Amino acid sequence: MGAPQVIPSLMHIPLPYSFLWGFTCISITSIFLVFVLLMLAFATHAGRIFYISFFMLFIPTSVLGIFLPVVINTPYTPFLQGILSLPLLALWPLAKLETLPESWGATARELGANQSTCLQLIIWPLLKKPLIASFFLSLFFGIAQ
């Protein structure tokens with residue numbers, strides 16, 4: 001029975017645990033970055049710019065993310081794969097955010113809704129399905145790595 005098999009790019013962690021490590025790193029990194037990006041898009045009203053730039057980047061970054069372990073063999077490869085999956089994961093929520101008219105937030109505030117009520121009653125129902133799909137897609141990327 002010799003030494004346990006290891007994957008060299010993941011700090012010589014034995015095989016069953018290295019898959020869990022990569023899955024966790026990719027999923028958490030990509031989910032965190034999607035939420036940070038959406039908060040930034042809300043704060044700066046630059047959702048259209050993010051959407052256009054991520055639409056142009058999602059194919060090259062997805063291909064690079066798939067082949068990254070072959071090119072770069074470091075312990076940080078799963079984190080880089082999570083970062084490279086951001087354009088693909090954020091594309092659908094940003095597209096839904098673009099369908100929201102700018103005047104809805106101002107109208108809701110004029111009618112007495114605060115920012116959390118606007119988020120709960122207007123933005124969350126619009127973004128619920130895309131965010132859940134992005135969450136499951138990031139889990140799939142983590143498992144498939």
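Since the model is a prediction, treat every value here as computed from it, not as a measurement. Position 1 is the first residue of the sequence, and the numbers go up from there.
- Expressed to the nearest 0.5 Å, how far CG of L88 lies from CG of L57 amounts to 11.5 Å.
- Taking 4.5 Å as the limit, every side-chain heavy atom of L33 sits out of range of all side-chain heavy atoms of L89.
- Residues L131 and P93 approach most closely at CD2-CG, 4.1 Å, considering heavy atoms.
- Distance check: L64 CG to I72 CD1 gives 7.0 Å after rounding to the nearest 0.5 Å.
- Criterion: ILVMFWY side-chain heavy atoms under 4.5 Å apart, direct or through other members. Under it, M39 and F135 are not part of a common hydrophobic cluster.
- When the shell of 6.0 Å around CD1 of I49 is examined, it contains 12 or fewer heavy atoms from other residues, nucleotides or ligands.
- In this structure, the ring pair (Phe, Tyr, Trp, His ring centres under 6.0 Å) partners of F58, at least two apart in sequence or on a different chain, are F55.
- Closest approach of P69 to G65, counting heavy atoms only: CD-O, 3.9 Å.
- Side-chain heavy atoms closer than 4.5 Å link hydrophobic residues (I, L, V, M, F, W, Y) into clusters, and following such links, possibly through other members, connects F140 to F136.
- Within the structure, the side-chain hydrogen bond (donor to acceptor under 3.5 Å, both in side chains) test picks out no pair touching residues 121-130 (sequence neighbours left out).
- From I28, atom CD1 reaches atom CG of L139 across 10.0 Å, with rounding to the nearest 0.5 Å.
- Distance alone, capped at 3.5 Å, places no donor-acceptor pair between the S27 side chain and the T24 backbone.
- For the pair I26 and Q81, the tightest heavy-atom approach, listed with the atom from each and the gap, is CD1-OE1, 3.3 Å.
- Distance check: L127 CG to K96 NZ gives 9.0 Å after rounding to the nearest 0.5 Å.
- Taking CG of L86 as the start and CZ of F50 as the end, the distance is 9.5 Å to the nearest 0.5 Å.
- The hydrophobic clustering, which links ILVMFWY residues whose side-chain heavy atoms are closer than 4.5 Å, places I132 and L91 together.
- Applying the side-chain hydrogen bond (donor to acceptor under 3.5 Å, both in side chains) definition to pairs two or more places apart or across chains, those involving residues 48-71 are R48-E98.
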With side chain to side chain contact (heavy atoms under 4.5 Å, CB included) as the test, would you mind laying out the steps for F54 and L37 before giving the verdict?
CA-CA 11 Å; F54 284 174; L37 178 78; 3.0 Å; yes

Evaluate the criterion side chain to side chain contact (heavy atoms under 4.5 Å, CB included) for residue pair L137 and W92; output intermediate values, then yes/no.
CA-CA 11 Å; L137 193 58; W92 192 15; over 6 Å; no

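- Considering all non-hydrogen atoms of both residues, P78 and C25 come closest at CB-CB, 3.5 Å.
- Between the CG atom of L68 and the OG atom of S85 there is a distance of 11.0 Å, given to the nearest 0.5 Å.
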